[in-house]
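To start, the structure under review is shown below, and the notes come after it.
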Amino acid sequence: VEEYNEIARHYRIKETVGSGGFAKVKRAVHLPTGETVAIKIMDKVALGADLPRVKTEIEAMKNLHHHHICRLYQVVETSRKIFMVLEYCSGGELFDYIVQRDRLSEIESRAFFRQIVSAVTYMHYLGYAHRDLKPENLLIDDEQNLKLIDFGLCAKPKGGMSDQLYTCCGSPAYAAPELIAGKSYMGNEADLWSMGVLLYALLNGFLPFDDDNIGMLYRKIKSGKYDTPDWLSSESLILLKQLLQVDPKRRITVDELLNHVWITKEMGVPVEWNSKYQTSVLDDDVVTEMSVHRKVSRETMKAELEKWNYDYLTAAYFLLLKKKTSGRPVRLQMTL
Ligand SMILES: O=C(Nc1ccc2c(c1)CNCC2)c1ccc(F)cc1
């Protein structure tokens with residue numbers, strides 16, 4: 001109970017919308033703005049050795065501001081719990097979306113895959129590799145936009161993307177051959193393989209490499225051989241072949257992917273991977289509303305906000321900004 005007091009002061013917690021390994025996710029309402037959020041709740045004792053993964057995820061999300069990456073609004077840590085207040089994605093997981101439809105058309109797959117390419121290119125550009133790309137980690141918001149989640153395994157090698165990574169991680173069915181071979185591997189190259197598995201899942205509704213026996217699964221991945229159902233177009237087959245290249249050095253790169261003929265087909269333009277969010281400059285309307293509401297000067301409020309503490313102020317700022325971009329009034333309802 002006292003664990004929740006801290007969070008309950010500003011949020012009305014609603015139903016559980018997901019529960020994974022060591023986290024439970026609940027829908028909640030941010031009381032000062034009325035906006036809906038998702039709160040990921042973790043128990044530090046239950047986390048055990050996985051606690052560093054949560055710290056990794058929090059630090060990464062603080063630096064990743066992109067319209068196809070789930071936004072972190074606030075972090076609350078009590079003696080026993082960690083609460084991450086995140087962007088709510090009412091459409092749930094892409095995984096369930098595909099299962100409900102058996103498989104997606106090439107046109108719908110292209111629309112989603114371009115968003116994934118946008119998010120992953122942005123991450124790679126900032127020196128991060130996700131390393132756990134799969135449909136369960138892609139959520140759909142209320143405008144059919146994909147939002148990438150779960151940065152617990154992402155890596156930002158010290159020496160930039162050229163640094164090799166060693167830890168084996170992620171979900172086996174999406175893992176690149178070089179990763180399961182235990183060799184050193186490049187995070188961005190492994191992400192490209194996983195994107196190939198993702199594209200295959202979008203277009204077919206099942207996985208290219210699958211087996212209940214982990215040894216058999218690894219053999220299939222290393223073989224690089226997968227079925228090619230007759231509904232796949234020749235262009236789709238070509239792109240899959242370029243992504244699911246067993247040799248990482250022969251695999252397509254994100255730069256080649258951005259304006260690939262399959263990616264631009266009927267869209268006419270390459271993938272725009274730059275973030276639409278402008279976080280370096282504070283929004284005037286939001287600063288005004290917050291400074292008036294807290295009865296402080298704009299300068300004081302700006303100075304507080306620019307600390308980016310990911311506290312109630314950061315959450316109120318981002319959620320007011322979200323209201324503004326969605327065309328809703330930039331108003332705070334109660335004392336912060
Ligand atoms: O919003 C989330 N999940 C969510 C929201 C709504 C629904 C679901 C998940 C699944 N059932 C349909 C409704 C969510 C957001 C961030 C996150 F890290 C994890 C989960």
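Numbering of residues begins at 1 and proceeds along the displayed sequence. First listed ligand is number 1; within each ligand, the first listed atom is number 1. Keep in mind that this is a model prediction, so the values were computed, not measured.
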Provide, to 0.1 Å, the distance between atom 18 (F) of ligand 1 and the closest protein heavy atom, together with that atom's residue and name.
L86 CD1, 3.4 Å
In ligand 1, the atoms that come under 4.0 Å of a heavy atom of A38 are 1 (O), 14 (C), 15 (C)
C89, G91, S90: member with heavy atom nearest to atom 13 (C) of ligand 1
S90
Could you find the nearest protein heavy atom to atom 11 (N) of ligand 1 and give me its residue, atom name and distance?
V17 O, 4.5 Å
The test is salt bridge (Lys or Arg N to Asp or Glu O under 4.0 Å); show your working for K156 and E59 and say whether it passes.
CA-CA 10 Å; K156 186 176 175 88; E59 285 322 302; over 6 Å; no
Both conditions, 6.0 Å and 45 degrees, for the charged tip of R53 above the ring of F22: are they met here?
no
heavy-atom search around atom 8 (C) of ligand 1 in the protein gives G92 CA, 3.7 Å
Per-atom contacts of ligand 1 with E87, taking only distances under 4.0 Å to non-hydrogen atoms
15 (C), 16 (C)
Going by an N to O cut-off under 4.0 Å, is there a salt bridge joining E106 and R110?
yes
If you count every heavy atom of other residues, nucleotides or ligands that lies below 6.0 Å from I214 atom CD1, does the total exceed 12?
yes
Hey, can you tell me if W193 and F209 have their rings parallel, tilted or perpendicular (30° and 60° cut-offs)?
parallel
Enumerate the atoms of ligand 1 whose separation from the nearest heavy atom of C70 is less than 4.0 angstrom.
16 (C)
Which of parallel (below 30°), tilted (30 to 60°) and perpendicular (above 60°) describes Y122 and H66?
tilted
Heavy-atom proximity to atom 14 (C) of ligand 1, picking from I140, D142, L139, points to L139
